[in-house]
Amino acid sequence: RSDEAAAFKTNSADMKQGLEGVKLALKVLRDYYAKEDKAHDAAGGAGGGIISLLEVCESDFTKGVAQMTSDEEAAQAAYEEQTKE
């Protein structure tokens, strides 16, 4: 059980760090493409595609963190129930 808990802590931290990175990338791209600038008008479609892809990544990371947390809580509860008996 301690190995599972240690793996959760490591993996959870990595997932949260990845999620924060994706959020930062989305913020930077949204701010960039929100500007009225002729230099990036031609790349607006590509920028929208990249933003859409990052939104999917953000959703996947969020779901992954939630699932990992739920699994860890269930495993901990099951362990406590077994050791209580």
Side-chain angles (χ1 to χ4, degrees):
R1 176 69 200 124
S2 63
D3 291 342
E4 290 174 356
F8 167 75
K9 287 180 183 177
T10 302
N11 294 336
S12 176
D14 289 346
M15 290 287 283
K16 288 176 183 177
Q17 186 177 14
L19 179 59
E20 290 306 312
V22 170
K23 286 181 178 182
L24 178 61
L26 281 168
K27 180 187 179 321
V28 168
L29 287 172
R30 286 181 180 138
D31 290 348
Y32 175 77
Y33 285 107
K35 293 179 185 173
E36 293 295 325
D37 186 0
K38 302 281 186 220
H40 62 70
D41 283 346
I50 292 169
I51 289 172
S52 295
L53 179 65
L54 286 173
E55 288 172 341
V56 170
C57 291
E58 178 184 31
S59 174
D60 289 348
F61 271 109
T62 301
K63 288 177 188 174
V65 169
Q67 184 64 48
M68 288 174 63
T69 302
S70 174
D71 291 348
E72 173 62 17
E73 288 171 353
Q76 183 63 33
Y79 174 77
E80 288 174 5
E81 184 65 29
Q82 282 182 336
T83 57
K84 186 167 56 168
E85 294 174 0

- Item | Intermediate values then yes/no, side chain to side chain contact (heavy atoms under 4.5 Å, CB included), Leu19 and Met15 | CA-CA 6 Å; Leu19 179 59; Met15 290 287 283; over 6 Å; no
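- Among all heavy-atom pairs drawn from Met68 and Asn11, the shortest one is CE-CB, 3.2 Å.
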- Message: Assess the residue pair Asp31 and Lys27 against the criterion (side chain to side chain contact (heavy atoms under 4.5 Å, CB included)); give the C-alpha distance rounded to whole Å, side-chain angles, the decisive distance to 0.1 Å, and a yes or no.
- Response: CA-CA 6 Å; Asp31 290 348; Lys27 180 187 179 321; 2.8 Å; yes
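- Listed here is the closest heavy atom pair of Leu29 and Leu54: CD1-CD1, 3.6 Å.
- Formation of a donor-acceptor pair under 3.5 Å by the Ser70 side chain with backbone atoms of Ala66 is not found in this model.
- Once rounded to the nearest 0.5 Å, the distance linking CG of Asp14 with NZ of Lys16 reads 11.5 Å.
- Both Leu26 and Tyr32 belong to a common hydrophobic cluster when Ile, Leu, Val, Met, Phe, Trp and Tyr are linked at side-chain heavy-atom distances under 4.5 angstrom.
- Atom CD of residue Glu58 and atom CD of residue Glu20 lie 9.0 Å apart, to the nearest 0.5 angstrom.
- To the nearest 0.5 Å, atoms CD (Glu72) and CD (Gln76) are separated by 6.5 Å.
- The closest donor-acceptor contact from the side chain of Ser59 to the backbone of Glu55 lies at 3.5 Å or more, if one exists at all.
- Heavy atoms of other residues, nucleotides or ligands lying less than 6.0 angstrom from CD of Gln17 number 12 at most.
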